[in-house]
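Below is one structure, written out as structure tokens, with a few remarks after it.
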Amino acid sequence: MVLSTRIYENYNKQKEKHYQNKGSIAYLIYQYEKLFGINTKSVLKSDTTRITPELIAEIKKMDEYSNQARFLTRNNINTSQDLLEFEKLAYERVNPLKSKRENLWKKHKRAKTNEEKQAIENEIIEISKQITPLAKEIRLCNNIVQRVDKIRQVQLYEQIEQEKEQFEKEQEKNKKDKNKTR
């Protein structure tokens, strides 16, 4: 129920954002909802709609795919080579920050006064805030690469199966041709 409420709230925020622009598609959708009497709030709260674990998993997967697509378009990544280069640059940016944070933790252990420790902790927090979005980008890159690899494996498997079927058909055809010549 929490997930459906979140989706409904996001939907309403998007809808309200486009109410002002009468030429937008969202405004037209809103007008049709009013015209046909579609009330999304009552549809989501009705007893007929049950959110199953499978549906929740599919929604999470869809959100992940949406995040990956937004990430690729936002960073203008069109090929797998671009993705690998972006990932390499992200690692190059995050590694110095991580080593700096690690050194600050070591310095924190050696600090004698609470003021020193607090100042070092604040620096660590700031560095962690810089690391978090970079780590998220790296995680997205890894997930995209894994998904692309899975897709390639499936395509390769399908291609092998098709070639195998063609080969078998050719073998049968050759057997028939040999039998006819005898």
First locate atom [atom1] of [X], then atom [atom2] of [Y], and finally report the distance between them rounded to the nearest 0.5 Å.
| X | Y | atom1 | atom2 | value |
| --- | --- | --- | --- | --- |
| I77 | I144 | CD1 | CD1 | 6.5 Å |
| E64 | N143 | CD | CG | 5.0 Å |
| L89 | L84 | CG | CG | 11.0 Å |
| K98 | L134 | NZ | CG | 9.5 Å |
| R110 | I120 | CZ | CD1 | 8.5 Å |
| I124 | N103 | CD1 | CG | 10.0 Å |

ask   = Between I131 and W105, is there a shared hydrophobic cluster once you connect ILVMFWY residues whose side-chain heavy atoms come closer than 4.5 Å?
value =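 In one cluster with I131: W105, yes.
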key: Linked, directly or transitively: L97 and I138 (ILVMFWY side chains, under 4.5 Å)   =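 Yes, one cluster joins them.
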query = Does any non-hydrogen side-chain atom of F71 lie less than 4.5 Å from one of F86?
reply =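 Counting from C-beta outward, F86 and F71 do come under 4.5 Å.
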ask   = Would you say the side chain of I56 lies within less than 4.5 Å of the side chain of T52, judging by non-hydrogen atoms?
value =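 No. Closest side-chain heavy atoms not under 4.5 Å.
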request  = Test Q159 against Q155 for side-chain hydrogen bond (donor to acceptor under 3.5 Å, both in side chains), laying out the working first.
outcome  = CA-CA 6 Å; Q159 183 181 3; Q155 288 175 343; over 6 Å; no
task = Could you verify whether a donor N or O on one side chain and an acceptor N or O on the other, from Q166 and E170, lie under 3.5 Å apart?
result =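 No, no side-chain donor-acceptor pair sits under 3.5 Å.
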ask   = Residues two or more places apart in sequence or in another chain: which of them pass salt bridge (Lys or Arg N to Asp or Glu O under 4.0 Å) with K106?
value =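 In terms of salt bridge (Lys or Arg N to Asp or Glu O under 4.0 Å), with neighbours along the sequence ignored, K106 is linked to E102.
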key: R147: partners by salt bridge (Lys or Arg N to Asp or Glu O under 4.0 Å), with sequence neighbours left out   =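 Once residues adjacent in sequence are excluded, R147 has no partner under the salt bridge (Lys or Arg N to Asp or Glu O under 4.0 Å) criterion.
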Do you know which two heavy atoms are closest between [X] and [Y], and how far apart they sit?
| X | Y | result |
| --- | --- | --- |
| R70 | N67 | NH1-OD1, 2.8 Å |
| L72 | L83 | CD2-CD1, 4.2 Å |
| S99 | P96 | OG-O, 2.9 Å |
| A111 | K117 | O-CE, 3.4 Å |

request  = Would you list the pairs meeting salt bridge (charged side-chain N to carboxylate O under 4.0 Å, His left out) in which at least one residue belongs to residues 73-90, sequence neighbours left out?
outcome  =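 Not a single pair qualifies under salt bridge (charged side-chain N to carboxylate O under 4.0 Å, His left out).
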query = What residue pairs, at least two apart or across chains, pass salt bridge (charged side-chain N to carboxylate O under 4.0 Å, His left out) with a residue in residues 132-143?
reply =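 Output for this query lists R93-E137.
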message = Working note: S80 + R152, criterion side chain to side chain contact (heavy atoms under 4.5 Å, CB included); need CA distance, chi angles, decisive distance, verdict.
response = CA-CA 12 Å; S80 57; R152 285 185 181 152; 3.7 Å; yes
request  = Taking side chain to side chain contact (heavy atoms under 4.5 Å, CB included) as the test, write out the residues that go with K61, two or more places apart.
outcome  =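 Side chain to side chain contact (heavy atoms under 4.5 Å, CB included) check on K61 returns E58, Y65.
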ask   = Is L156 isolated, or which residues cluster with it under the ILVMFWY side-chain rule of less than 4.5 Å, directly or via members?
value =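 I160, all in the cluster of L156.
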